[in-house]
Amino acid sequence: MCPLGLICVRAAWLLPLVVYVILIFTYKDPVPTTLIAVVLGAIITQQSVFSFGDVLVKSTGSFLALVGLIIMMGRGLGEILTATRVSHTIVHKIVYGIGVNTEKKAMAASCSRASP
């Protein structure tokens, strides 16, 4: 039991945030770090699996949470494309298909836009 009573209980609510900050700066991979912090928060609040699922469903109903979910999924897709070298192949096809072989052509190609 904490000698400070209520202060220790309130400090326990900060534990998922502290764990998240430590892991994000040391591990640098946000997907498992976020999962660990969310599960730790569910354990601290003593939620059942079903109530935890209800909270997740309600929280993804907000626009901001949906944008965050899309960003995390896009990051995961980017990691898959990089690991399988598909992104390298796409860039290679664009660069050599168009004929970009100098820095000036690359700058012109990136600054130009297709006609409507």
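Pro16 and Gly41 make their closest contact through CG-CA, 3.7 Å (heavy atoms, listed as atom of the first residue, atom of the second, distance).
Every residue meeting the side-chain contact (heavy atoms from CB on, under 4.5 Å) condition with Ser48, not counting sequence neighbours, appears here in chain and number order: Phe50, Ser51. Every residue two or more places apart in sequence or in another chain that forms a side-chain contact (heavy atoms from CB on, under 4.5 Å) with Val18 is listed here: Ile22. Residues meeting the side-chain contact (heavy atoms from CB on, under 4.5 Å) test with Val67, sequence neighbours left out: Phe63, Ile71. For Val86, the side-chain contact (heavy atoms from CB on, under 4.5 Å) partners at least two apart in sequence or on another chain are Leu81, Thr84, Ile90.
Going from atom CD1 of Ile36 over to atom CG of Leu23 covers 5.5 Å, rounded to the nearest 0.5 Å. How far OG1 of Thr102 is from NZ of Lys104: 8.0 Å, rounded to the nearest 0.5 Å.
Members clustered with Val39: Leu35, Ile43, by chain and number, using a 4.5 Å side-chain heavy-atom cutoff among hydrophobic residues.
Listed by first and then second residue, the ring pair (Phe, Tyr, Trp, His ring centres under 6.0 Å) pairs that reach into residues 70-105 are His92-Tyr96, sequence neighbours excluded.
Tyr20 is not listed as a side-chain neighbour of Leu40, based on a closest heavy-atom distance of 4.5 Å or more.
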